[in-house]
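One structure is given here, and the rest of the page talks about it.
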Amino acid sequence: MYAPKRKLDSVGPRPFFLSSNWLDSPLPGTFRARMFVRVRYAPSPTGSPHVGNIRTALFCHFFARHHDGVMFVRIEDTDRARTVPGVEEEILESIRWAGIEWQEGPDKGGPFAPYKQSERQAQGIYQPYIDELLNSGNAYKAFDTPEELDEMRQYQQINKKPFGYFGGVWRDASAETVASAEAEGKRPVIRLKMPRGKMLVVNDAIRGRVEFESDLVDDPVLIKADGMPTYHFAAMVDDHLMGTTHIIRGEEWISSAPKHVWLFEAFGWNPPVFVHVPVIKGKDGAKLSKRHGDTRMLDYRAAGYIPDALANFITLIGWAPGGDREIMSMEEIASAFRLEGLQPSPGVFDADKLKWMNGNYIRALSPSELISTVSAYVSNPEVAAYFSSEEHKDDAVVSGVALLRSAFAERPDYVHQVLPLEQERVTTLAEFGPACAFFFVDEVDFDEKATEKWFVGQAHVGPLFDHLIAGLTGKNAASHEECKAMVQEFVDKNGLEKLGPAVHPTRVALTGKTAGPGLFELMEVLGPARMIKRLQRAKGMLK
RNA sequence: GGCCCGUUGGUCUAGCGGUUAGGACGCCUCCCUUUCACGGAGGAGACCACGGGUUCGAUUCCCGUACGGGUCACCA
């Protein structure tokens, strides 16, 4: 288990080089590599985390690991209406499955607990800060009704004005006006008073200096009418309070970044470094979302992906170690991870390449890892549910996995022999089901093309099966070599030039298919009893 | 529409002023071989979006244009 080398109590006034200008500083890379890092992963529990969300978490994790820093998780649940029960658990489960390690969070506490904004709000943590802003004149109460705001937006749209709230009547309303509105019992929101005529600079670690004209940035709501803070407010206050050194988040946040830097400015706080990572796009070029299908992180677990493979693959979208390296362990990525390797442009999620990578990871599994991995997979109820759903319906997988599951329980030794035979032929764990099914069923399903090709009009096949049945009868086991000798003997006696004409029909009789593991390996595992039965049944199908 | 960001083969990318523009996925061919797969060897595929500069020299630096993306909520 990874433990931060840095003591938590070292969080405090940050050294000069952690200012957002750190990129401009002449400090050599070696010095930067030792910089103190505290990063947060701040998801909102409004829906199942998808691969894009988890990639951000992965970046946080690798960055923190690389610098022996701290990663913490903070749940941004300030929108009560949109908070979905159970999602918080799913988020934690997703990042845990991805192999991410965090040192502080809602599940494990930490020096800055609580790590859930609804709880922080309940403790009154944000109150003094909003009061400070109100007192310093950097925030104001606005009493507009939703209808009025709608009207404003329509007006702006029609007149092609910049959209947004640029003050209305409340930005500079007199104390009396505000007081009388309050006396009427109206519930205001509190908005940040953005500066006018100023250039707001966001120092982004990937893009460098990004400028925004403050006149074009509207006044964001800080506190909603129900008293809850918005993301803009809560996240920045918390990032300051929790000692965040780097805000690693999706590129979709970049346009609200000037609001965030201004907030830090208004408080007189030293801002963290912003790192806006590029979005992940679907094949259609648009930001990855549910409608692209197969984006939910845990669906990949159900679909048979190895977490390390998925993690490896998605961190490579938008990040590269700088050479030709691609297949990298979590450790290797952590040690190679530098912000400089982050890409500014969005990347497309290529499911084919993911499959290739997953196949690589499956092949790299040791015999014991193979067994434990597949065993855990087939006993996971998520799997059947996933492949029974309408979008992913695959009966072959469902039944194959069920076969494997009961085989694990009833004849583990047999399964252990079977699995390695398909290891280099599958690209997902799910494929083990259909691929291995023939080992476990009483009667194999015959592929029509296979029987047509090898069971029809091939005079030597009948005698071949008889030969094998005769050779197998009375045996308890038949080794790879013995099986091969048997087939070879038939080939020699009948003047067949190659092994093929004997091998292929035998394979079809035994497995029902034309593709699969080496015939003799598979025969050894199958054993004489099963083979004799199958050979006899196949004999009856010859034409 | 405003603002912001981006642009190297279909996709992920290396490159950080001078390269036959490298690798990976996918695709094709061949080899290995009892099939499939793995593995190995090749191949097709990029006028480095376009147009201007700067420079002895630009994929690399600067400016435009085009195209793509992001964002414009009392959501995050």
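Values below: all heavy atoms of this structure, side chains included; hydrogens, waters and symmetry mates excluded. Just so we're on the same page: letters track the sequence lines, and every chain starts at 1.
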Looking at [Y] and [X], is any side-chain nitrogen of the basic one under 4.0 Å from a carboxylate oxygen of the acidic one?
X	Y	result
Lys198(A)	Glu213(A)	no
Arg120(A)	Asp238(A)	yes
Glu422(A)	Arg425(A)	yes

Closest listed nucleotide, where the reference is the side chain of [X] and the choices are [options]:
X	options	answer
Ala515(A)	G68(B), U34(B), U35(B)	U35(B)
Glu252(A)	U71(B), C5(B), U13(B)	U71(B)
Glu76(A)	A76(B), U13(B), G1(B)	A76(B)
Leu519(A)	U34(B), G6(B), G70(B)	U34(B)
Leu216(A)	G68(B), C3(B), G70(B)	C3(B)
Pro344(A)	G6(B), U35(B), C75(B)	G6(B)

Atom [atom1] of [X] and atom [atom2] of [N]: how far apart are they, to the nearest Å?
X	N	atom1	atom2	answer
Glu211(A)	C3(B)	CD	C1'	13 Å
Trp253(A)	C75(B)	CH2	P	11 Å
Arg338(A)	C16(B)	CZ	P	13 Å
Lys259(A)	U71(B)	NZ	P	13 Å

Which residue pairs satisfy the salt bridge (Lys or Arg N to Asp or Glu O under 4.0 Å) criterion with at least one member in residues 149-166 of chain A, sequence neighbours excluded?
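As it turns out, the salt bridge (Lys or Arg N to Asp or Glu O under 4.0 Å) pairs with a partner in residues 149-166 of chain A, which skip direct neighbours, are Asp150(A)-Arg153(A).
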Please state whether the phosphate of [N], meaning OP1 or OP2, lies under 4.0 angstrom from any side-chain nitrogen or oxygen of [X].
X	N	value
Lys283(A)	G10(B)	no
Thr78(A)	C75(B)	no
Arg507(A)	C36(B)	no

Counting only distance, no hydrogens or angles, is the base of C36(B) paired donor-acceptor with the side chain of Arg425(A) under 3.5 Å?
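Indeed there is one.
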Can you label the angle between the His260(A) ring and the Trp253(A) ring as parallel, tilted or perpendicular, going by 30° and 60°?
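Aromatic pair His260(A)/Trp253(A) classed tilted.
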Parallel, tilted or perpendicular: which fits the ring planes of Phe465(A) and Phe455(A), with parallel below 30° and perpendicular above 60°?
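Correct class here is perpendicular.
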Pairing partner of [N] (Watson-Crick or G-U wobble, both distances under 3.5 Å):
N	value
A21(B)	none
G64(B)	C50(B)
C36(B)	none
A76(B)	none

Atom [atom1], compared across [N] and [M]: separation rounded to whole Å:
N	M	atom1	answer
C3(B)	C12(B)	P	28 Å
U59(B)	A49(B)	C1'	12 Å
C61(B)	A14(B)	P	13 Å
C16(B)	U55(B)	P	23 Å
A37(B)	U19(B)	C1'	37 Å

Could you list the donor-acceptor pairs under 3.5 angstrom formed by side chains in residues 271-290 of chain A, with sequence neighbours left out?
unit_1: His276(A); atom_1: ND1; unit_2: Asp204(A); atom_2: OD1; d: 2.8
unit_1: His276(A); atom_1: NE2; unit_2: Arg249(A); atom_2: NH1; d: 2.9
unit_1: Asp284(A); atom_1: OD1; unit_2: Ala286(A); atom_2: N; d: 3.0

Using the closest heavy atom to pick a nucleotide of RNA chain B for each, name whichever of Arg209(A) or Pro321(A) lands nearer the 5' end.
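Closer to the 5' end of RNA chain B: Arg209(A).
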Taking for each residue the nucleotide of RNA chain B with the nearest heavy atom, is it Glu424(A) or Val348(A) whose nucleotide lies nearer the 5' end?
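Its nearest nucleotide lies further toward 5', so the answer is Val348(A).
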Listed by chain and number, what are the side chain to side chain contact (heavy atoms under 4.5 Å, CB included) partners of Glu489(A), not counting sequence neighbours?
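Glu489(A) satisfies side chain to side chain contact (heavy atoms under 4.5 Å, CB included) with His467(A), Lys493(A) only.
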Can you list the residues that meet the side chain to side chain contact (heavy atoms under 4.5 Å, CB included) rule with Asn360(A), with sequence neighbours excluded?
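By the side chain to side chain contact (heavy atoms under 4.5 Å, CB included) rule, Asn360(A) matches Ile327(A), Trp356(A), Arg363(A).
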Quick one: salt bridge (charged side-chain N to carboxylate O under 4.0 Å, His left out) partners of Lys186(A), sequence neighbours excluded?
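With sequence neighbours excluded, Lys186(A) shows a salt bridge (charged side-chain N to carboxylate O under 4.0 Å, His left out) to Glu184(A), given in chain and number order.
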What pairs with Asp218(A) under salt bridge (charged side-chain N to carboxylate O under 4.0 Å, His left out), at least two apart in sequence or on another chain?
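Counting only residues at least two positions away or on another chain, Asp218(A) forms a salt bridge (charged side-chain N to carboxylate O under 4.0 Å, His left out) with Lys259(A).
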Output one line per pair: protein atom, nucleotide atom from nucleotides 65-67 of chain B, and distance, for all N/O pairs under 3.5 Å.
none

Let me have a per-nucleotide readout for nucleotides 20-31 of chain B, 5' to 3', with B, S or -, counting only protein heavy atoms under 4.0 Å.
--BBBB------
Centre of Tyr165(A)'s six-membered ring, under 6.0 Å away, within 45 degrees of the axis: is that where NZ or CZ of Arg191(A) sits?
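Yes, cation above the ring, under 6.0 Å and within 45°.
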Can you pull out the residues from residues 481-497 of chain A that lie within a 4.0 Å heavy-atom distance of RNA chain B?
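The answer is none.
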For residues 508-517 of chain A, run the donor-acceptor check on the side chains, cut-off 3.5 Å, and write out each pair with its distance to 0.1 Å, sequence neighbours left out.
unit_1: Thr511(A); atom_1: OG1; unit_2: Arg507(A); atom_2: O; d: 2.9
unit_1: Thr511(A); atom_1: OG1; unit_2: Lys513(A); atom_2: N; d: 3.0
unit_1: Thr511(A); atom_1: OG1; unit_2: Lys513(A); atom_2: O; d: 3.3

Protein-nucleotides 72-74 of chain B N/O pairs closer than 3.5 Å?
unit_1: C72(B); atom_1: O2'; unit_2: Phe163(A); atom_2: O; d: 3.3
unit_1: C74(B); atom_1: OP1; unit_2: Arg153(A); atom_2: NH2; d: 3.0
unit_1: C74(B); atom_1: OP2; unit_2: Arg191(A); atom_2: NH2; d: 3.4
unit_1: C74(B); atom_1: O2; unit_2: Ala225(A); atom_2: N; d: 2.7
unit_1: C74(B); atom_1: N4; unit_2: Asp144(A); atom_2: O; d: 3.0

Taking only N/O atoms, report every protein-nucleotides 42-47 of chain B pair under 3.5 Å with atom names and distance.
none

For the side chain of Glu524(A) and the backbone of His480(A), is there at least one donor-acceptor N/O pair under 3.5 Å apart?
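Such a contact is found between Glu524(A) side chain and His480(A) backbone.
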Using ring pair (Phe, Tyr, Trp, His ring centres under 6.0 Å) as the criterion, point out the one residue from Phe349(A), Trp319(A), Tyr305(A), Tyr300(A) that pairs with Phe313(A).
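That would be Phe349(A).
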